[in-house]
S.K.: 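I have a structure I would like to understand better, so I am pasting it below and will then ask my questions one at a time.
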Amino acid sequence: MHLQLGELDFIDVVGTRALINLAERLAPSHRLVLHEPPAVLRRIIELAWRDPPDIELIGER
Amino acid sequence: MTTIADHSEGLVHPALFYESDEDYLAGVVSFLREGLEADEPALVAVPKPKLELIKTDLKGSAGNVAFIDMLELGRNPSRIIPAVRRFTDTHPGGRTRFVGEPMWPGRSPAEIREATRHEALLNLAFDDTPTTILCPYDAAGLDNDVLADAQRTHPHLLYGATPRPSEHYIGHALAAQTHLPPRPPGAQRLTFDRDNLSAMRRFVAEHATSFGLGADRAQDLILAATEVATNTIVHATPAGTLDIWHAHDTGAVIGELTDTGQIPDPLAGRHVPSPQGGGGRGLWLVNQLCDLVELHTGPTGTIIRLHAQLCSS
């Protein structure tokens, strides 16, 4: 599943959790691909999720 | 030391007061050797120069002990309890040992307040955990106030080899008794609610940058402030205040968020996030993002001070 996030200015833990829950529901048959996410998304996942599901981030900004 | 540990199934938490390297090694290394003889896995988190002293004195046994530099781990003391929890979780079934030295001469008053809260909260976090936590205190180099608080946060005190109960021990109560000094008169204020969080982020960005905080660290401070503000709006009150200033004595940009709610869990932000689901990640993230987080919460409200060092490594 592809999501275009180019118009998203910011995301917090609650928003990140929603994306992670979505990725978990898609797995293992499908995966989540996020286009142009704000850079803060990777920071949140790295610091607050020990074992995040497979999410592809393309064109972080 | 063994006399304290013999009949306890949960936490044993003595403070060791030392005045010299000889005192230090006599207390810490004998504690570690006892653990090795009893097959109790041990983790040591003390400032790096002290780590080296211990490793040298342990000689070949050092390979059986885990070491962490407390200057790194304990810069923000709220990260220590999760590190110990991960260690005890890795060794279920038997007792473990931890040497934790979160106080050292030269720490700022704000760091000392949070390191004291950490010491108090250990009593709550590990109450039912079979572990022995030895906390060395530099009795020659630390202020008397710090040493007096150590008697309140540790049920047993060691001066030399003989432990004695602390008459002043009050469990984890000291964690709720911290008093923050007033914010400086030049702090910049904004009132936030659910409709102006993006304006709040711009406000933090503008001031943090004007104080000289780099772009990445400013982004971390913005994210941390947003998480705290969201907690206010979702769990406490519809609005709160944010003040931001530059603390010239420590070189930190400080964002302070205030509301009239109370955080019920004293260990909020110190629980290791579960791999799946579960709430409560906001304060955890805040603790990972900031160089120091000061938290005061009670019936009259909550104050959280987020510190971002200007010259943070």
Side-chain angles (χ1 to χ4, degrees), chain A, chain B residues 76 78-79 82-83 85-86 89-90 192 194 196-205 214-235 257 268-291 293 308:
Chain A
M1 179 184 285
H2 292 259
L3 288 183
Q4 170 55 252
L5 302 180
E7 294 193 18
L8 185 67
D9 289 333
F10 186 82
I11 192 164
D12 64 3
V13 160
V14 175
T16 303
R17 179 182 290 117
L19 291 173
I20 284 189
N21 288 347
L22 174 61
E24 282 168 347
R25 283 203 301 276
L26 291 172
S29 58
H30 295 77
R31 60 201 287 266
L32 187 59
V33 182
L34 303 176
H35 295 264
E36 299 179 49
V40 67
L41 177 65
R42 180 182 294 275
R43 187 90 172 120
I44 295 172
I45 293 173
E46 284 176 353
L47 291 176
W49 267 268
R50 293 169 73 185
D51 192 13
D54 188 18
I55 299 178
E56 189 174 350
L57 308 180
I58 295 177
E60 289 172 71
R61 68 202 154 77
Chain B
N76 178 345
S78 66
R79 298 179 195 160
R85 176 56 72 196
R86 281 177 173 149
D89 284 352
T90 312
F192 64 83
R194 61 181 306 141
N196 73 342
L197 285 179
S198 64
M200 185 198 82
R201 285 193 285 273
R202 285 195 298 277
F203 181 82
V204 173
D216 286 352
R217 296 300 290 142
Q219 189 58 249
D220 284 349
L221 185 61
I222 292 164
L223 177 54
T226 303
E227 292 298 338
V228 175
T230 304
N231 275 354
T232 291
I233 294 163
V234 173
H235 298 295
L257 291 100
R270 286 172 162 87
H271 300 289
V272 178
S274 61
Q276 276 87 36
R281 253 171 245 258
L283 277 177
W284 168 272
L285 179 63
V286 168
N287 280 331
Q288 314 313 309
L289 289 166
C290 299
D291 294 305
V293 176

S.K.: Under a 4.5 Å heavy-atom cut-off, does chain B meet the side chain of A/I11, its backbone, both or neither?
M.R.: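 It is the backbone, since no side chain atom gets that close.
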S.K.: More than 12 non-hydrogen atoms from neighbouring residues, nucleotides or ligands closer than 6.0 Å to CG on B/D89, yes or no?
M.R.: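 Yes, the 6.0 Å shell around CG holds more than 12 heavy atoms from other groups.
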S.K.: Can you give me the closest heavy-atom contact between B/E227 and A/V13, atom names plus distance?
M.R.: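 It is OE2-N, 2.7 Å.
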S.K.: Rounded to the nearest 0.5 Å, how far does CG of B/L285 lie from OG1 of A/T16?
M.R.: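 Output value for this atom pair is 8.5 Å.
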S.K.: Using the side chain to side chain contact (heavy atoms under 4.5 Å, CB included) rule, take B/L197 and A/F10 through it: C-alpha gap first, then chi angles, then the decisive distance, then the call.
M.R.: CA-CA 10 Å; B/L197 285 179; A/F10 186 82; over 6 Å; no
S.K.: Between B/V272 and A/R50, does the side chain to side chain contact (heavy atoms under 4.5 Å, CB included) criterion hold? Intermediate values first, please.
M.R.: CA-CA 9 Å; B/V272 178; A/R50 293 169 73 185; 3.3 Å; yes
S.K.: Taking B/T230, B/N287, B/D220 one by one, which has the highest count of heavy-atom pairs under 4.5 Å against chain A?
M.R.: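 Greatest number of close heavy-atom pairs with chain A: B/D220.
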S.K.: From A/R17 CZ over to B/R281 CZ, what is the distance, rounded to the nearest 0.5 angstrom?
M.R.: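 Interatomic distance, A/R17 CZ to B/R281 CZ, rounded to 0.5 Å: 6.0 Å.
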S.K.: Supply the atom-to-atom distance B/R202 CZ to A/D9 CG, rounded to the nearest 0.5 angstrom.
M.R.: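 If I round to the nearest 0.5 Å, the distance is 9.0 Å.
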S.K.: Around atom CZ of B/R194, are there more than 12 heavy atoms from other residues, nucleotides or ligands closer than 6.0 Å?
M.R.: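 12 or below, so no.
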S.K.: Shortest non-hydrogen contact from B/L289 to A/L47?
M.R.: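 So the minimum-distance heavy-atom pair works out to CD2-CD1, 3.5 Å.
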